[in-house]
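Contents: one structure, followed by commentary.
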Number of protein chains: 2
Amino acid sequence: MRADARRNYDKILATARIVFTERGTDSSLDEIAKRAGVGAGTLYRHFPTREALVDALMQDWTDRVAADADTAIATEAPARDMLLGWFENFVDHITLHRGAASKICAAMDDPASPMYRKCRVMGDANRRVIDHLDATGELRPGVDAANVMRLVSGVASVADTSRAELDVRPMLEVVVDGIVRA
Amino acid sequence: MRADARRNYDKILATARIVFTERGTDSSLDEIAKRAGVGAGTLYRHFPTREALVDALMQDWTDRVAADADTAIATEAPARDMLLGWFENFVDHITLHRGAASKICAAMDDPASPMYRKCRVMGDANRRVIDHLDATGELRPGVDAANVMRLVSGVASVADTSRAELDVRPMLEVVVDGIVRA
DNA sequence: ACCTGAACACCGTTCAAGT
DNA sequence: ACCTGAACACCGTTCAAGT
C-alpha cells in the first residue's frame with residue numbers, strides 16, 4: 001500500500017470512529033469523507049460498503065470480547081454471575097456505536113456480509129463460555145450457543161434502538177435463568 | 001372527511017399493505033404513492049411519517065394479538081407450553097412485514113412515536129398473560145412484563161433482520177425457561 | 001496506483017398552483 | 001378542503017480527469 005493511501009485509510013478510519021460515536025453507524029459517509037479531508041471516491045475505494053467500514057472498526061472490540069470470554073471462564077464466581085457479567089460486557093461492546101448491534105444481528109447469519117468473520121470471532125468466544133458452562137454441568141439441556149449469541153445480540157439491539165436509556169440487566173437476567181440448569 | 005380524501009386514504013393503505021408485504025416497511029414511499037395513483041403530497045397529508053403509515057397497518061394485528069392473549073390465558077396447557085405458544089404467535093404477527101419488528105422495538109419506549117399507542121395495546125396483552133402466570137404462582141420472582149415484551153420483540157427483530165430463515169423457537173424456549181418458576 | 005470532485009440516481013419532503 | 005407534481009435537499013455511488 002502506497003504511503004498516501006495508507007495515510008488516507010487511517011484518516012478515514014479515525015474520522016469514522018469519531019462520527020460513528022457522535023451520531024451512530026448510519027451517519028452520512030459523505031460527511032466522514034469531508035471531515036477526513038478526502039474525496040468521496042477515496043472512501044469508497046477503501047471501504048466499498050458501510051459494513052466494510054463498520055467491520056474495520058470492529059477489530060478493536062472483537063479482541064476485547066475474546067479477552068472477556070477468557071476472564072469469564074477463569075472466574076470463580078457462580079455460573080449465574082459469571083454469565084451475567086459476560087453478557088453485560090458483550091452488550092456494552094457491541095452497543096459502543098449506535099446502530100452497530102442490529103448490523104451485527106444481521107451479519108451474524110449472513111456469510112456474505114463483510115462483518116461475518118468478526119461475528120464468528122465473537123460467536124466463538126461466546127461458544128467457549130457456553131461450552132465451559134456445559135463442562136461444569138450447569139448448562140440447561142438443549143441450549144445452543146448460536147442461539148444464545150442471537151438472543152444476547154437481540155437484547156443489545158433493543159437497547160441500542162430504543163430512545164429510552166434502557167437497563168439491559170433485567171432482560172439479561174431472564175436469559176441467564178433460561179440458560180443455567182434449573 | 002371528504003369522499004375523495006377517504007378514497008385516497010384507503011387506496012394508500014391498501015397499496016402500502018401490498019408493498020410492505022412484498023418489500024418490507026422500508027420500501028420507497030414514492031413507489032407506494034405512484035402505485036396507489038396519488039401524488040406524493042397526498043400520501044404525506046394522510047401519513048406525515050413512515051411510522052404513521054406502519055401504525056395504520058398495525059391496527060389489524062393488534063386486535064389479533066389481544067385475542068391471542070385471551071386464548072393463551074384460557075388454555076389448560078402447562079405454563080411453559082402456554083407461554084411458548086403466545087410468544088410464537090406474537091413474533092409471527094410483528095414480523096408480518098419485514099422491518100416492522102425493529103420499528104416496534106424502537107416505538108415501545110418512545111411515547112412520541114406514532115406507533116406508541118398500539119405498542120401499548122400489545123404490551124397490555126402481554127402483561128395480562130404474565131399477570132396470569134403470576135396469579136397461578138408460576139412466574140419467576142423479579143420478572144417484569146415490560147422486559148418480557150422487550151425481550152420477545154428483540155427475538156422477533158433478530159429473526160426479521162436476519163438473512164437466514166431463522167427458527168425462533170429455540171430462542172423463545174430459553175426466554176420461557178427464564179420466566180417460569182424454577 | 002491512487003486521488004479528486006463533479007455528475008448521476010434515488011428518495012423523502014415541501015409547496016405553489018389547480019380543482 | 002383536498003390534490004397534483006414539480007422543485008428542492010440530501011445522500012450514496014460512479015467515473016473521467018488529474019497527479
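Sequence lines set the chain letters: A, B, ... in the order given, protein chains first and strands last, and positions in each chain run from 1.
- Side-chain nitrogen and oxygen atoms of B/H46 include none within less than 4.0 Å of the OP1 or OP2 phosphate oxygen of D/dC2.
- Under the salt bridge (charged side-chain N to carboxylate O under 4.0 Å, His left out) criterion, A/R23 pairs with A/E31, not counting sequence neighbours.
- A close approach under 4.0 Å does not occur between any side-chain nitrogen or oxygen of A/N8 and OP1 or OP2 of C/dC2.
- No side-chain N or O of A/T49 forms a donor-acceptor pair with one of A/E51 less than 3.5 Å apart.
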Got a list of side-chain donor-acceptor pairs under 3.5 Å for residues 174-182 of chain B, not counting sequence neighbours?
{"from": "B/D177", "atom 1": "OD1", "to": "B/R80", "atom 2": "NE", "distance (Å)": "2.9"}
{"from": "B/D177", "atom 1": "OD1", "to": "B/R80", "atom 2": "NH2", "distance (Å)": "3.3"}
{"from": "B/D177", "atom 1": "OD2", "to": "B/R80", "atom 2": "NH2", "distance (Å)": "3.2"}
{"from": "B/R181", "atom 1": "NH1", "to": "B/L139", "atom 2": "O", "distance (Å)": "3.4"}

query: Which nucleotides of nucleotides 8-19 of chain D have their base under 4.0 Å from a protein heavy atom (B), which only their sugar-phosphate (S), and which neither (-), written as one string 5' to 3'?
result: ---SSBBB----
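- Summarising the geometry, the separation between NZ on A/K34 and C1' on C/dG5 is reported as 9 Å, rounded to the nearest angstrom.
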For residues 7-18 of chain A, which side-chain donor-acceptor pairs fall under 3.5 Å, sequence neighbours excluded?
{"from": "A/N8", "atom 1": "ND2", "to": "A/D4", "atom 2": "O", "distance (Å)": "3.4"}
{"from": "A/T15", "atom 1": "OG1", "to": "A/K11", "atom 2": "O", "distance (Å)": "2.7"}
{"from": "A/R17", "atom 1": "NH1", "to": "A/D60", "atom 2": "OD2", "distance (Å)": "2.5"}

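- Going from atom CD1 of A/I12 over to atom C1' of C/dC3 covers 10 Å, rounded to whole Å.
- Residues passing the side chain to side chain contact (heavy atoms under 4.5 Å, CB included) test with A/I73 are A/R128, A/V129, A/H132, sequence neighbours excluded.
- With sequence neighbours left out, A/R163 forms a salt bridge (charged side-chain N to carboxylate O under 4.0 Å, His left out) with B/D110.
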field: For DNA chain C, the dot-bracket pattern of Watson-Crick and G-U pairs whose distances stay under 3.5 Å, | for other-strand partners
entry: ||.|||||...|||||.||
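- With sequence neighbours left out, the side chain to side chain donor-acceptor pair (under 3.5 Å) criterion links A/D30 to A/K34.
- When the side chain to side chain donor-acceptor pair (under 3.5 Å) test is applied to B/D124, the partners found at least two apart in sequence or on another chain are B/R127.
- Atoms NZ (B/K11) and C1' (D/dC2) sit 18 Å apart, rounded to a whole Å.
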